[in-house]
Amino acid sequence: MQDKKILITRERKQAKAFSEKIMRFGGIPIEVPLLKISCKEREEDKTVFQTLSKYKWIFFTSANGVECFFQLLKNYKISSGVFKHIRIAVVGHKTEEVLKNYGYHADFIPTIYSADQMVNEFVNNFALKDPFLLVRGNRSRNVLPDFFSRLGIEFDTVEVYETLYNDEVADKLNDVLMNQQLDFITFTSPSTVDAFIKMRNRILMDGTICVCIGTTTQQRATEAGFNDTITPDIFTIEGMVNCMKDYIERIEYHGK
């Protein structure tokens, strides 16, 4: 990965950890955070927090959901004792790490970090008769709600954060695309792909590889016109770094 220029498009706070991992292997990260995350407090959701004890499971499908959920819990002055009889499901270990920061652990994590896998594995391991709470953002996919609805399962949703386009970096993005010969562009969600397409004003140079965190993001990138995409087996930023390393090694091997 030595001296490879890699565009980091994820939200500013989360971009730092990604950049550090790239620099560890000699890469050159270029941060242009295309998204910004904003916790949201809606009056209609206050009742959900005040009646948390009725839920048997809470589902978190992102670290942002965990952070904003517990921020709202504090705002509404809800006692932590409410979790005594509630079990928690998270989409992956990174989400669980944030959960642990608040003193809780996950009772369920799928083996592959995606909402689709979360559904498939959960239904094979647990009863579905209890009321569930889905913690979401404004751009969350509908995999879990659609699944629960089809099975007639009682559930509620609470939207605790918004994913917004960070339009003020549009000029920086286009300056990078114009003046830097990028080796990789990284996308960590379909929303980063959508933001990129919205903000760019020029076609990418040939030879730039699009690195997607998972198959859902890769599908969105392909739909958006990216022809050269790669995806790790493990849907994490560590997996993305290893995926880029493996790709470089393959190219260099075949180039000899």
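Throughout, numbering of the chain's residues begins at 1 and tracks the sequence. Treat the numbers as computed from the prediction; the structure is a model and nothing was measured.
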> For the hydrophobic clusters of this structure (ILVMFWY residues joined by side-chain heavy atoms under 4.5 Å, transitively), does one cluster hold both M23 and F184?
Replying inline: no
> Transitively linked via ILVMFWY side-chain contacts under 4.5 Å: I153 with F59?
Replying inline: yes
>> Can you confirm whether V90 sits close enough to L99 that some side-chain heavy atom of one is under 4.5 Å from a side-chain heavy atom of the other?
In response: yes
> Once you round to the nearest 0.5 Å, how far does CD1 of I37 lie from CZ of R10?
Replying inline: 9.5 Å
>> Nearest 0.5 Å, please: how far is OG1 in T111 from CE in M118?
In response: 12.0 Å
> Counting N and O atoms only, with roles assigned by atom type, does the side chain of D175 sit under 3.5 Å from a partner on the main chain of D171, one being a donor and the other an acceptor?
Replying inline: no
>> Evaluate Q71 against E67 for side chain to side chain donor-acceptor pair (under 3.5 Å), listing each step before the verdict.
In response: CA-CA 6 Å; Q71 179 177 312; E67 290 188 342; over 6 Å; no
> What is the minimum heavy-atom distance between G65 and V135, and which atoms define it?
Replying inline: O-CG1, 3.7 Å
> Side chains of L133 and V48: closer than 4.5 Å at any heavy-atom pair?
Replying inline: yes
>> Please check: side-chain N/O of D45 versus main-chain N/O of V160, any donor-acceptor pairing under 3.5 Å?
In response: no
> Any donor and acceptor pair, going by atom type alone, linking the side chain of T222 with main-chain N or O of Q218 inside 3.5 Å?
Replying inline: yes
> Do F69 and Y102 have ring centres separated by under 6.0 Å?
Replying inline: no
> Say you draw a straight line from CD1 of I209 to CG of D228; how long is it, rounded to the nearest 0.5 Å?
Replying inline: 4.5 Å
> Hey, does the side chain of T192 reach the backbone of T9 with a donor-acceptor pair shorter than 3.5 angstrom?
Replying inline: no
> Under the side chain to side chain contact (heavy atoms under 4.5 Å, CB included) criterion, do F70 and N101 qualify, and how do the steps go?
Replying inline: CA-CA 10 Å; F70 280 94; N101 291 338; over 6 Å; no
>> Any carboxylate oxygen within less than 4.0 angstrom of a Lys/Arg side-chain nitrogen, looking at E11 and K36?
In response: no
> Under the 3.5 angstrom rule, does the side chain of D183 hit a backbone N or O of K4 as a donor-acceptor pair?
Replying inline: no
> Within 45° of the six-membered ring axis of F18 and under 6.0 Å from that ring's centre, is NZ or CZ of R24 located there?
Replying inline: no
>> Counting only heavy atoms from other residues, nucleotides and ligands, does the tally under 6.0 Å from NZ of K100 exceed 12?
In response: no
> Going through the checks in order, is the side chain to side chain contact (heavy atoms under 4.5 Å, CB included) test met by D107 and H105?
Replying inline: CA-CA 7 Å; D107 298 287; H105 72 277; 3.6 Å; yes
>> Are the side chains of I30 and I6 in contact, using a 4.5 Å heavy-atom criterion?
In response: no
>> As an exercise, state the distance from CZ of R136 to CZ of R141, rounded to the nearest 0.5 Å.
In response: 10.5 Å
> Who passes ring-ring contact (aromatic ring centres under 6.0 Å, His included) against F126, sequence neighbours left out?
Replying inline: W57, F108, F122
>> Could you check whether atom NZ of K46 has more than 12 heavy atoms from other residues, nucleotides or ligands sitting under 6.0 Å from it?
In response: no
> Under 3.5 Å, is there a donor-acceptor pair between the side chain of T236 and the main chain of G239?
Replying inline: yes
>> Is there a continuous path of hydrophobic side-chain contacts, each under 4.5 Å between heavy atoms, that joins I251 to V211?
In response: yes
>> Taking the side chain as everything from C-beta on, heavy atoms only, tell me whether V32 gets closer than 4.5 Å to L7.
In response: yes
>> Quick check: closest heavy atoms across C243 and P232, and the distance to 0.1 Å?
In response: SG-N, 3.9 Å
>> Applying side chain to side chain contact (heavy atoms under 4.5 Å, CB included) to V98 and F60, what does each step give before you reach the verdict?
In response: CA-CA 11 Å; V98 177; F60 292 104; over 6 Å; no
> Would you call E223-R220 a salt bridge at under 4.0 Å N-O?
Replying inline: yes
> Taking the side chain as C-beta and beyond, is there a heavy-atom pair between T217 and F235 under 4.5 Å?
Replying inline: no
> Is a salt bridge present between R139 and E159, judged by a nitrogen-to-oxygen distance below 4.0 Å?
Replying inline: no
>> Using the salt bridge (charged side-chain N to carboxylate O under 4.0 Å, His left out) definition, which of the options R12, K13, K16, K172 pairs with E31?
In response: K16
>> Show the nearest heavy-atom pair for residues L35 and S189, with the distance to one decimal.
In response: CD1-OG, 4.0 Å
> Would K56 count as a cation-pi partner of F132, with NZ or CZ less than 6.0 Å from the six-membered ring centre and within 45° of the ring normal?
Replying inline: no
> Which atom pair, heavy atoms only, marks the closest approach of R42 to Y76?
Replying inline: O-OH, 3.5 Å
> Under a single-linkage definition using a 4.5 Å side-chain heavy-atom cutoff for Ile, Leu, Val, Met, Phe, Trp and Tyr, are I197 and L177 assigned to the same hydrophobic cluster?
Replying inline: yes
> Any luck finding a side-chain donor-acceptor pair between Y161 and S62 under 3.5 Å?
Replying inline: yes
>> Test side chain to side chain contact (heavy atoms under 4.5 Å, CB included) on F187 and F226; report intermediate values, then the result.
In response: CA-CA 11 Å; F187 293 123; F226 290 93; 3.8 Å; yes
>> To the nearest 0.5 Å, what is the distance between CG on N64 and OG1 on T163?
In response: 6.5 Å
> At their closest point, which heavy atom of V91 faces which heavy atom of P110, and how far apart are they?
Replying inline: O-CG, 3.3 Å
> Below 4.0 angstrom, N of the basic side chain to O of the carboxylate: do K54 and D156 qualify?
Replying inline: yes
> Name the one of I230, T186, I234 that satisfies side chain to side chain contact (heavy atoms under 4.5 Å, CB included) with M240?
Replying inline: T186
> Is the closest side-chain donor-acceptor distance between S38 and E162 under 3.5 Å?
Replying inline: no
>> Do I78 and I88 sit in one hydrophobic cluster, given that two such residues count as connected whenever their side-chain heavy atoms are within less than 4.5 Å of each other, even indirectly?
In response: yes
> Hey, does F49 have a side-chain heavy atom less than 4.5 Å from the side chain of T47?
Replying inline: no
> Does a side-chain heavy-atom distance below 4.5 Å link S80 with Y104?
Replying inline: yes
> Which atom names give the shortest non-hydrogen contact between S53 and V82, and what distance separates them?
Replying inline: N-CG2, 3.6 Å
> Considering only heavy atoms from C-beta outward, does the side chain of T231 approach that of I213 to under 4.5 Å?
Replying inline: no
>> Within this structure, what is the NZ-CG distance for the pair K77 and N75, rounded to the nearest 0.5 Å?
In response: 7.5 Å
>> If the test is side chain to side chain contact (heavy atoms under 4.5 Å, CB included), which one of L34, D167, V193 qualifies with K198?
In response: D167
> CG of N179: more than 12 outside heavy atoms within 6.0 angstrom?
Replying inline: yes
